[in-house]
Amino acid sequence: MARRALVTGISGQDGAYLAKLLLDKGYEVFGGVRRSARSGQDRLSVLGIAESVRLVDFDLAEVGNIFRLVRTIRPDELYNLAAQSFVAASWEFPLATTDVNAVAVTRILEAIRLFSPETRFYQASTSEMFGQVRTVPQNEDTPFHPRSPYGVSKLYGHWMTVNYRESFGLHASSGILFNHESPLRGREFVTRKISLGLARVAEGLQDCIILGNLDAKRDWGFAGDYVEGMWRMLQREAPSDFVLASGETRSVRSFVETAAETAGFQIRWEGSATDEVGIDVGSGKTIVRVSSEFYRPAEVDLLLGDASKAARELDWRSTTSVEDIAAMMVQADLDDVKRFGDARV
Ligand code: NDP
Ligand code: GDR
């Protein structure tokens with residue numbers, strides 16, 4: 001009989017890539033979607049798997065709904081990818097973020113404990129838990145210091161996952177994943193805002209892109225590589241926690257420069273802070289501006305992951321360079337904008 005996986009957050013970036021990976025491996029995939037889904041099945045359609053996933057009504061806020069699903073599906077593997085995942089929004093919605101990202105993890109763990117203790121559980125934890133980093137690079141032993149309600153909420157989910165493993169012997173693993181991107185990335189995140197913005201500027205649909213802190217540094221990988229790491233965590237005999245990261249860090253400014261090349265621009269920077277602008281050398285036009293609107297109340301300045309435990313114990317590595325990721329994203333957006341007038345996702 002095919003193994004069963006329940007993936008929450010199936011309509012998001014990682015949900016789509018993970019569903020594809022699991023289907024390719026022969027799993028029966030149940031995908032949790034909420035009635036008010038923002039992204040629908042667009043990402044599943046782009047990957048050609050919308051008809052292959054069994055969609056089930058799912059909301060992280062509803063304990064009865066979660067209990068019923070886990071009791072009836074009794075999945076071999078449950079991947080909890082659903083979340084209020086946009087860091088910037090977590091200051092506007094700290095309580096909703098806490099309910100969805102923190103408390104809901106306990107709802108799922110309780111469901112597994114009560115109704116399906118053999119289910120293997122993956123929790124989508126994050127490098128945002130390191131926040132104001134204590135050491136560079138960060139690994140599984142680095143102390144946490146989250147800098148946003150998002151980071152704080154995810155830290156609770158992380159520790160509950162560890163606690164249910166230690167208290168009840170559940171096969172529960174926490175993946176501490178650094179930023180991972182793709183053409184299916186949500187439009188509000190900086191890499192996609194840049195790739196889609198540049199594609200629209202290239203096609204004459206907008207004049208420039210307006211960004212926040214250009215100096216923040218992130219460790220960016222490709223989402224397709226990272227879902228493979230999630231799956232490998234659940235195939236291990238013993239559950240554990242793993243950092244997945246590329247091991248390279250770049251500033252937002254550097255990502256803009258790299259992405260601009262694929263869109264046919266070369267950026268020259270002038271000015272500083274919110275007066276800084278990015279000018280396209282060829283045309284002399286200003287195509288990047290900065291606004292304090294996109295600055296955060298507290299910033300995570302630098303993230304750089306050390307994924308050597310994953311390399312050692314999962315034989316996992318990040319294999320896509322940031323140049324390739326930027327080129328892939330800009331090209332996909334250019335193709336869509338030219339063909340459909342807008343991106344499909
Ligand atoms: P997305 O924002 O693309 O997807 C989030 C998903 O969660 C969407 O399917 C969304 O559904 C769903 N969701 C939100 N609220 C609820 C709710 N109340 N009930 C049910 N579903 C809900 O995120 P990613 O795919 O990028 O990330 C996946 C997970 O990994 C998230 O938990 C994120 O915090 C975490 N993470 C992501 C990293 C990254 O770089 N991408 C790095 C580290 C961790 P809807 O379509 O309805 O909005
Ligand atoms: P992040 O991703 O907060 O790291 O969380 P995001 O792409 O939103 O920000 C990365 C960095 O870019 C700076 N920045 C901007 N960010 C956005 N969104 N928009 C802008 O205009 C802009 N200008 C500069 C930010 O200040 C920040 O420093 C992502 C999410 O996927 C989380 O769910 C996940 O846990 C972490 O990655 C790891």
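One-based numbering, in listed order, for ligands and for the atoms of each.
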Does an N or O anywhere in [X] fall below 3.5 Å from an N or O of ligand 2?
X	answer
Gly212	yes
Leu214	no
Arg185	yes

At a 4.0 Å threshold, what atoms of ligand 2 neighbour a non-hydrogen atom of [X]?
X	answer
Asn179	1 (P), 2 (O), 4 (O), 29 (C), 37 (O), 38 (C)
Ala216	28 (O)
Val252	12 (O), 13 (C)
Ser85	30 (C), 32 (C), 33 (O)
Thr126	34 (C), 35 (O), 36 (C), 38 (C)

Just to check, does [X] reach to within less than 4.0 Å of ligand 1 when the distance is taken from its heavy atoms?
X	result
Ala223	no
Arg185	yes
Tyr150	yes
Glu128	no
Thr8	no

Handout entry: Over 12 non-hydrogen atoms of neighbours within 6.0 angstrom of CD in Glu248
Key =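 Check fails, neighbour count at 12 or below.
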Practice task
Take atom CD of Glu118 as the centre, draw a 6.0 Å sphere, and report whether it contains more than 12 heavy atoms from other residues, nucleotides or ligands.
Solution key: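 Not buried by this count: 12 neighbours or fewer within 6.0 Å.
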Does any non-hydrogen side-chain atom of [Y] lie less than 4.5 Å from one of [X]?
X	Y	result
Phe222	Ile325	yes
Met233	Trp231	no
Leu198	Ile287	yes
Leu303	Gln138	yes
Trp220	Glu181	yes

Exercise for the section: Check if Phe86 has a non-hydrogen atom at a distance under 4.0 Å from any atom of ligand 2. Expected result: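 Contact present.
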Practice task
Mark the output for Ser127 as yes if a heavy-atom distance to ligand 2 is under 4.0 Å, and as no if none is.
Solution key: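 Flag set, Ser127 near ligand 2.
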Selection from [options] by shortest heavy-atom distance to [atom]:
atom	options	value
atom 1 (P) of ligand 1	Gly15, Ser85, Ser11, Gly221	Ser85
atom 44 (C) of ligand 1	Ser127, Gly9, Ser125	Ser125
atom 5 (C) of ligand 1	Ala83, Ala104, Gly175	Ala83
atom 42 (C) of ligand 1	His180, Met129, Gln123	His180
atom 19 (N) of ligand 1	Leu18, Val7, Asp219, Leu60	Leu60

Problem - Side chain, backbone, both or neither: the part of Lys154 lying under 4.0 Å from ligand 2 by heavy atom - result: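 Neither; no heavy atom under 4.0 Å.
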To which protein heavy atom is [atom] closest, and what is the distance rounded to 0.1 Å?
atom	result
atom 7 (O) of ligand 2	Val190 N, 2.8 Å
atom 5 (O) of ligand 2	Val87 CG2, 3.6 Å
atom 21 (O) of ligand 2	Lys193 NZ, 2.7 Å
atom 3 (O) of ligand 2	Arg296 NH1, 2.6 Å

Exercise for the section: Enumerate the residue pairs fulfilling side-chain hydrogen bond (donor to acceptor under 3.5 Å, both in side chains) with a member in residues 281-294, sequence neighbours excluded, ordered by first and then second residue. Expected result: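 Non-adjacent pairs meeting side-chain hydrogen bond (donor to acceptor under 3.5 Å, both in side chains): Asp280-Ser283.
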Practice task
Enumerate the residue pairs fulfilling side-chain hydrogen bond (donor to acceptor under 3.5 Å, both in side chains) with a member in residues 59-69, sequence neighbours excluded, ordered by first and then second residue.
Solution key: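 Qualifying pairs: none.
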Handout entry: Any donor-acceptor pair under 3.5 Å from Asp225 side chain to Thr320 backbone
Key =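 Checked: pair present.
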Practice task
Kindly indicate, with the supporting measurements, whether the criterion side chain to side chain donor-acceptor pair (under 3.5 Å) is fulfilled by Gln41 and Glu51.
Solution key: CA-CA 10 Å; Gln41 294 176 48; Glu51 306 303 322; over 6 Å; no
Handout entry: Worked check of side chain to side chain donor-acceptor pair (under 3.5 Å) between Asn101 and Thr97
Key = CA-CA 6 Å; Asn101 293 4; Thr97 300; 5.4 Å; no
Handout entry: Distance flag, aromatic centroids of Tyr150 and Trp91, threshold under 6.0 Å
Key =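 No; Tyr150 has its ring centre 6.0 Å or more from that of Trp91.
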Problem - Lys NZ or Arg CZ of Arg71 over Phe115 ring: under 6.0 Å, within 45° - result: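 The answer is yes; both the distance and angle limits are met.
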Exercise for the section: Could you label the plane-to-plane angle of the Tyr79 and Tyr122 rings as parallel, tilted or perpendicular, counting under 30° as parallel and over 60° as perpendicular? Expected result: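 Judged by the thresholds at 30° and 60°, the geometry between Tyr79 and Tyr122 is tilted.
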